Asks: 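Have a look at the structure that comes next, please.
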Amino acid sequence: MEEIKTTVQEKEYDASQIQVLEGLEAVRKRPGMYIGSTSSTGLHHLVYEIVDNAIDESLAGYCDRVDVVIEPGNIISVTDNGRGIPVDIQEQTGKSALEVVFTVLHAGGKFGGGGYKVSGGLHGVGASVVNALSEWLEVNVHRDGQIYAMRFSRGSKTEDIHVIGKTTRRGTVVRFKPDPEMFEDTVYDYETIHDRMRQQAFLNAGVTISVTYLREGMEDNTDVLYYDGGIREYVTYINNGKKLIHDDVIYLGGEEDGTFAEVALQYNEEYHENIVSFANDVKTPEGGMHEDGFKRALTTVINNYGLKYGLIKKAEDKLTGDDVREGITTIISVKLPEPQFEGQTKQKLGNAYVRTLVNNIVSEQLSTYLEEHPATAKAILSKAMLASQARVAARKARESVRRKTGLESGQMPDKLQDCNERDASLCEIYIVEGDSAAGSAIQGRDSRFQAILAMWGKMLNVEKARADKIYDNDKLAPLIIALGCGIGEEFNIDKLRYHKIIIMADADVDGAHIRTLLLTFFFRYMRPLIENGYVYSAVPPLYKLTRGKKQRVAYSDEQRDSISAEMREGNPNIKVDIARFKGLGEMDPHELWETTMDPEQRSLRRITLKDAIAADRVFSVLMGEDVDPRREWIEENAKYVVNLDI
Ligand code: 28G
């Protein structure tokens, strides 16, 4: 059968057709060049190539539904309800458009670069690559009442175009089985395909994409993805579960000379920026002109609004790009006829005119939006201004630390009793509240590897401590110097002098306050310390149990009860004295060592980013402007604040 076909084909060969064959052979020779890799990523890329062609048909305005099925045996089927790939014979080639789409390697077929396709542009780029890398591929076209079929194997035609029946619908169906000779792995992953399809559905509002997983002996699993709101809903999806600064997702968009740009954004309470950009539905992780245009416009518009309404008073108080992007979630999507992908990995949009277009759209529409939504505008402005204050405060703190203590001098603060070990990975520093506790800790420690830093002889005055004062506070300078790693933009984790930073504070309101303050400080200015798991909370015991000469300690109420029962040895007449530890300062050095500092016996609680975020939130309330609500808050939430750390 094959042989006969080959003979038939040979008769019809002309120069262009030889080129075609060479083209697809090149794909099989160096598949990585065309689909990035032959790993699972490349395997999934085949699906995306075919789906992209269906999406193109939707961008052309003729298709609003794409169905993707993962069939048993890792076969993929994709169906669209577009016009159906043309089946009539073209004059120049003597072949159908259908055959050309699946056998001619497009010039722009190179992975990640070259001619890209968008509405009305180059349909079918990539289909021939998928065909070349498939053990078999079949395509059905529903058009003009007929169903046309054609089959290929490893890129070569095995069944010429023929009618297999009648139909009342329109569209294209592509089914293929990736060639195991070409891929390291031929198993499709539902989640991976589903995630990508969801992204496509977000980027192409109004298109319905279904994903079905068919497995033998299992129930069919279909998910239908449709987002009327497009990238607005994408932003909502990303911000799901986060605390929002304003309820509404802001949408900005426009078109000029065939280039379409749209932006959706919403601020949340977090501190990092999350900007995801796309050009022709392709992610551009390195950004480029569309992102640049957006960022410029955002900074300008927010500053102009702040100046106009007296929120920003002086030109020196202007917000930076980083300030206005703190906590932002943004999707930028542009669609253009000839995108240039630049950079090392071709993941950056290079068309300069797109910067102007996006800048203009965002400048005009965002300023109008802010004018019309003053509550949202205020919320965004205050978030950015807080970011700005923190940035200024961090700089001041750095300068003041340098001025007051000569960070460069290498001189360690008086408050620090250092350890002998110099290898940071073996060193621990206990940050201890109160002089008497610090005294016990200094005597009780193992000075070979444990350093003690005494802080706040007496609890720092809550009334006086305003948010911005914290960083001006001389009392943090010894800590910064002792840790050695600098803060904020100058932070360098390689210079950290201790890999265990242990906060040892009492389990009362003052102790909780100190933990909150330290965690907030670490979170804002030394975040990698927390991210790398270097920060801990010591866990001092809560109870001392005494029976005659025997003494034990308990770290929780449950433990207190079980130890007490143990000490009674089942005899209710035996008296066990239970005393609550009032504070760390009350323990003698030996007790403190045994219960809280000895690595063999102590327990430490590692501080997570989540703890730190919670602390940061608590801190904002604690350090607010008004004294009364703050005092009330402390009283009401004393329990919670303590629990923050347990
Ligand atoms: C189901 C899986 C993947 C597609 C179409 C529709 C047309 C088309 C595709 O044309 C060749 C080049 C430019 C005309 C275009 C149909 C115009 C009129 C199409 C797909 C011929 C490609 N009628 N739907 N290609 N053009 N769906 N789905 O691949 O000149 S590819």
Side-chain angles (χ1 to χ4, degrees), residues 16 20 23 35 44-71 75-109 114-134 136-152 155 161 164 167 169-178 188 193 196-197 200-201 203-204 207-212 224-225 258 280-281 337-338:
S16 77
V20 167
I35 53 161
H44 286 80
H45 205 87
L46 301 185
V47 183
Y48 310 155
E49 286 290 340
I50 297 299
V51 170
D52 283 358
N53 293 336
I55 299 280
D56 270 8
E57 184 66 356
S58 83
L59 289 169
Y62 299 98
C63 156
D64 65 3
R65 183 159 186 119
V66 183
D67 299 288
V68 181
V69 184
I70 309 169
E71 299 180 14
I75 293 161
I76 297 290
S77 130
V78 183
T79 304
D80 73 33
N81 66 348
R83 290 167 292 181
I85 306 177
V87 289
D88 43 304
I89 308 295
Q90 296 175 333
E91 232 172 73
Q92 328 97 283
T93 56
K95 288 186 278 189
S96 63
L98 183 64
E99 182 170 348
V100 171
V101 164
F102 282 92
T103 54
V104 175
L105 185 60
H106 283 75
Y116 246 88
K117 41 192 176 154
V118 76
S119 171
L122 298 157
H123 250 131
V125 170
S128 62
V129 172
V130 176
N131 192 18
L133 298 176
S134 294
W136 55 260
L137 180 146
E138 64 183 35
V139 52
N140 288 357
V141 170
H142 293 241
R143 216 180 140 100
D144 307 325
Q146 312 273 29
I147 307 171
Y148 301 87
M150 199 168 186
R151 268 185 83 90
F152 307 85
I161 192 161
I164 57 166
T167 183
R169 48 172 286 255
R170 295 178 328 164
T172 304
V173 185
V174 177
R175 259 182 101 231
F176 65 93
K177 179 175 159 55
Y188 274 111
I193 291 178
R196 168 76 178 215
M197 294 309 120
Q200 291 298 324
L203 292 172
N204 299 282
V207 179
T208 302
I209 306 180
S210 78
V211 191
T212 300
V224 180
L225 307 159
N280 291 1
D281 293 348
E338 283 178 55

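The model shown is predicted, which means the values in this text are computed figures rather than measured ones. As the structure lists them, so they are numbered: ligands from 1, and atoms in each ligand from 1.
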Asks: Tell me whether C63 reaches ligand 1 (any heavy atom closer than 4.0 angstrom to a ligand atom).
Replies: no
Asks: I want to confirm something. Looking only at heavy atoms, which of Q90, E57, R175, E49 is nearest to atom 6 (C) of ligand 1?
Replies: E57
Asks: Report the residues that fulfil side-chain contact (heavy atoms from CB on, under 4.5 Å) with D67, sequence neighbours left out, ordered by chain and then residue number.
Replies: R65, T79, S210
Asks: Measure from the side-chain N and O atoms of S77 to the backbone N and O of V69, and report whether any donor-acceptor pair falls under 3.5 Å.
Replies: no
Asks: Please name all residues satisfying side-chain contact (heavy atoms from CB on, under 4.5 Å) with R196, sequence neighbours left out, ordered by chain then number.
Replies: Y48, D52, Q200
Asks: Check step by step if side-chain contact (heavy atoms from CB on, under 4.5 Å) holds for I76 and I50.
Replies: CA-CA 10 Å; I76 297 290; I50 297 299; over 6 Å; no
Asks: Where the side chain of R83 meets the backbone of R170, is there a donor-acceptor pair that is under 3.5 Å apart?
Replies: no
Asks: Between R170 and ligand 1, which residue portion shows a heavy-atom distance shorter than 4.0 Å: side chain, backbone, both, or neither?
Replies: neither
Asks: For atom 3 (C) of ligand 1, tell me which residue out of D52, V139, V130, I50 has the closest non-hydrogen atom.
Replies: I50
Asks: May I ask whether P86 places a heavy atom under 4.0 Å from ligand 1?
Replies: yes
Asks: Considering only heavy atoms, which of D80, D67, N53 lies nearest to atom 28 (N) of ligand 1?
Replies: D80
Asks: Hey, does N131 have a side-chain heavy atom less than 4.5 Å from the side chain of V139?
Replies: no
Asks: Show the atoms of ligand 1 that are less than 4.0 angstrom away from any heavy atom in V78.
Replies: 1 (C), 2 (C)
Asks: Heavy-atom contacts with G84 under 4.0 Å: which atoms of ligand 1 show up? List them by number with element.
Replies: 6 (C), 16 (C), 23 (N)
Asks: Going by heavy atoms in the side chains, are V129 and E49 under 4.5 Å from each other?
Replies: no
Asks: When only distance counts, is R143 in polar contact with ligand 1, meaning an N/O pair under 3.5 Å?
Replies: yes
